[in-house]
**Q** 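My questions will all concern the structure given below.
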Amino acid sequence: MVDEWSDGTRAVRVGSPGHAPGDPFLPGPVFAGTYHLPGEPAGPYRYGRYANPTWTGLETAIGALEGAAGTVTFASGMAAISAVLLGLTGPGDVVVLPSDGYPATRTVGAHLAERGVEVRTVPTAGDELERALPGARLVWLETPSNPGLDVCDIRRVAELAHARDARVAVDNTLATPLGQLPLALGADISAASGTKALTGHSDVLLGYVACASAELAERVRSWRSLTGAVPGPMEAWLAHRSLSTLQLRVDRQGTNALAVAEALLARPEVTDVRHPALKGDPSYDVATRVMRRFGCVVSFTLADADTARRFLGALELVAEATSFGGVHSMAERRARWAGNDVAEGFVRFSAGCEDTADLVADVLRALDAASPG
């Protein structure tokens with residue numbers, strides 16, 4: 001039945017327990033480091049670092065949304081990313097990473113290079129990715145890229161990579177499984193930071209790796225057990241609870257993001273406005289082929305760092321914070337962090353779930369306040 005449900009129904013119902021009389025809609029978190037284990041070790045729950053019933057419920061739910069054969073949750077998005085990049089590669093391998101993606105992912109790439117892995121970095125958009133594929137063992141895509149919002153054709157990259165015996169992993173953080181389905185497009189792995197839009201309330205650190213094959217998922221799960229990068233049961237429970245509103249949240253956020261982007265286009269002091277749903281955006285044609293929803297993030301550039309600071313300080317409905325995907329709108333001057341190759345006045349804006357007219361009015365008023373004179 002799950003395959004026949006639409007997105008909203010799936011988000012509400014996936015991973016639900018049985019419906020016996022007296023059952024809660026979602027059982028509370030299981031806080032357990034040890035389990036009763038008489039005789040020889042058997043069953044899924046043997047020790048707290050290996051498995052937990054609360055993780056199982058969440059992994060079942062995320063796996064259903066991603067269309068995965070197996071899903072493994074982690075303590076954070078970076079723990080999930082590291083499990084793939086470090087756990088599935090070794091000396092002599094070639095790994096392709098996005099040069100314009102999340103800086104911490106490239107930092108993991110530097111650790112790979114120290115371990116004897118050849119790391120090739122290429123932009124998300126354009127033809128360089130195809131030229132980097134020969135000899136590759138793993139191709140890591142981040143699409144849409146953060147913070148530049150470039151998009152690549154996952155299906156085409158997967159076909160080219162598989163023809164060369166390379167695996168493809170996609171960072172699906174910004175899109176969420178309701179925005180795009182990397183595994184259905186041919187990727188081997190869909191990984192994400194559940195800290196962002198998946199859970200959406202800015203109160204949980206979480207990551208996951210969803211795999212097209214059960215064998216690959218078991219390798220990732222073994223890495224988690226070895227490194228101990230496990231999620232807390234409370235975090236897993238909060239994440240599972242939050243999935244029920246995922247479709248409601250991402251739809252409102254996407255509507256707000258596009259409205260903000262369109263309003264920004266009309267302002268002469270704003271340049272390089274990017275959102276994949278904007279007609280005319282460099283990513284629009286590819287995004288409309290591979291994505292079903294286009295995300296909550298808008299990027300744009302103001303004249304300089306001081307103008308961006310004034311703009312951010314004048315916002316009333318938008319928090320200055322370094323994340324995205326929450327129900328509360330947030331924005332930041334991204335160049336304040338090392339590793340982001342962006343202009344000093346570059347702003348990453350994450351649209352939340354406020355009323356659209358209120359949010360747009362706040363942005364326009366803050367732009368007026370930030371303008372010289």
Side-chain angles (χ1 to χ4, degrees), residues 7-8 11-12 144 146-147 149 173-180 192-206 238-239 241-267 269-270 272-279 281 287 291-302 307-334 336 345-371:
D7 286 344
V12 169
N146 169 30
L149 301 179
T173 300
L174 200 151
T176 82
L178 297 193
Q180 69 187 5
S193 168
T195 307
K196 310 297 193 297
L198 190 86
T199 57
H201 291 81
S202 305
D203 55 6
V204 168
L205 284 176
L206 192 90
L238 286 168
R241 183 205 61 175
S242 297
L243 288 182
S244 60
T245 60
L246 178 59
Q247 186 255 345
L248 301 174
R249 290 185 282 105
V250 297
D251 280 353
R252 169 59 73 89
Q253 290 166 327
T255 296
N256 283 351
L258 182 57
V260 168
E262 290 173 339
L264 291 170
L265 284 175
R267 299 290 297 227
E269 72 270 39
V270 181
D272 299 322
V273 179
R274 297 293 306 272
H275 185 266
L278 277 175
K279 291 183 179 178
D281 186 275
M291 300 182 72
R292 299 180 297 154
R293 292 174 175 84
F294 300 95
C296 62
V297 177
V298 180
S299 68
F300 55 95
T301 303
L302 299 177
T307 304
R309 291 189 189 102
R310 290 195 299 271
F311 167 74
L312 294 167
L315 291 163
E316 294 182 358
L317 296 179
V318 184
E320 188 170 359
T322 184
S323 191
F324 61 85
V327 293
H328 304 89
S329 291
M330 60 190 87
E332 70 171 335
R333 191 179 69 85
R334 197 60 188 159
R336 65 180 180 167
F346 179 98
V347 175
R348 184 180 71 184
F349 187 102
S350 172
C353 293
E354 298 86 359
D355 286 336
T356 306
D358 292 341
L359 186 59
V360 171
D362 190 42
V363 169
L364 296 179
R365 184 194 55 76
L367 284 173
D368 289 339
S371 298

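Along the sequence shown, residues are numbered consecutively beginning with 1.
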**Q** Is the side chain of Thr195 donor-acceptor paired with the backbone N or O of Leu206 at a distance under 3.5 Å, no angle test?
**A** yes
**Q** Is the backbone N or O of Arg274 less than 3.5 Å from a side-chain atom of Asp281, with the two atoms forming a donor-acceptor pair by type?
**A** no
**Q** Distance-only, no hydrogens or angles: does the Glu354 side chain make a donor-acceptor pair with backbone N or O of Val360 under 3.5 Å?
**A** no
**Q** Taking atom types as modelled, find out whether Arg252 and Thr255 have a side-chain donor-acceptor pair closer than 3.5 angstrom.
**A** no
**Q** Say whether, by atom type as modelled, one donor and one acceptor occur between the side chain of Thr173 and the main chain of Ser193 under 3.5 angstrom.
**A** yes
**Q** State yes or no: are the ring centers of Phe349 and Phe311 separated by less than 6.0 Å?
**A** no
**Q** Using modelled atom types and a 3.5 Å cut-off, is there a donor and acceptor pairing between side-chain atoms of Arg249 and backbone atoms of Leu198?
**A** yes
**Q** Counting N and O atoms only, with roles assigned by atom type, does the side chain of Arg310 sit under 3.5 Å from a partner on the main chain of Ala370, one being a donor and the other an acceptor?
**A** yes
**Q** Check Phe324 against Cys296 and note the closest heavy-atom contact, atom names and distance.
**A** CD1-SG, 4.4 Å
**Q** Would you give the length of the straight line joining atom CG of Leu174 to atom CG of Leu149, rounded to the nearest 0.5 angstrom?
**A** 6.5 Å
**Q** Donor-acceptor check, side chain of Gln253 to backbone of Gly325, threshold 3.5 angstrom: yes or no?
**A** yes
**Q** Run the salt bridge (charged side-chain N to carboxylate O under 4.0 Å, His left out) test on Arg309 and Glu332 for me, step by step, so that the C-alpha distance in whole Å, both residues' side-chain angles and the decisive distance to 0.1 Å come before the verdict.
**A** CA-CA 9 Å; Arg309 291 189 189 102; Glu332 70 171 335; over 6 Å; no
**Q** Using a cut-off of 6.0 Å, state whether more than 12 heavy atoms not belonging to His201 lie near its atom NE2.
**A** yes
**Q** So, does Ser329 use its side chain to make a donor-acceptor pair with the main chain of Ala351 at under 3.5 Å?
**A** no
**Q** If you measure from the Lys or Arg side-chain nitrogens to the Asp or Glu carboxylate oxygens, is any gap between Lys279 and Glu262 under 4.0 Å?
**A** no
**Q** Over all heavy atoms of both residues, which pair between Ala366 and Leu315 is shortest? Give the atoms and the distance, please.
**A** CB-CD2, 3.5 Å
**Q** Using modelled atom types and a 3.5 Å cut-off, is there a donor and acceptor pairing between side-chain atoms of Arg348 and backbone atoms of Arg334?
**A** no
**Q** Output, in order, the C-alpha distance, side-chain angles, deciding distance and verdict of salt bridge (charged side-chain N to carboxylate O under 4.0 Å, His left out) for Arg365 and Asp368.
**A** CA-CA 5 Å; Arg365 184 194 55 76; Asp368 289 339; over 6 Å; no
**Q** Check for a donor-acceptor pair, side chain of Asp362 on one end and backbone N or O of Leu317 on the other, with a separation under 3.5 Å.
**A** yes
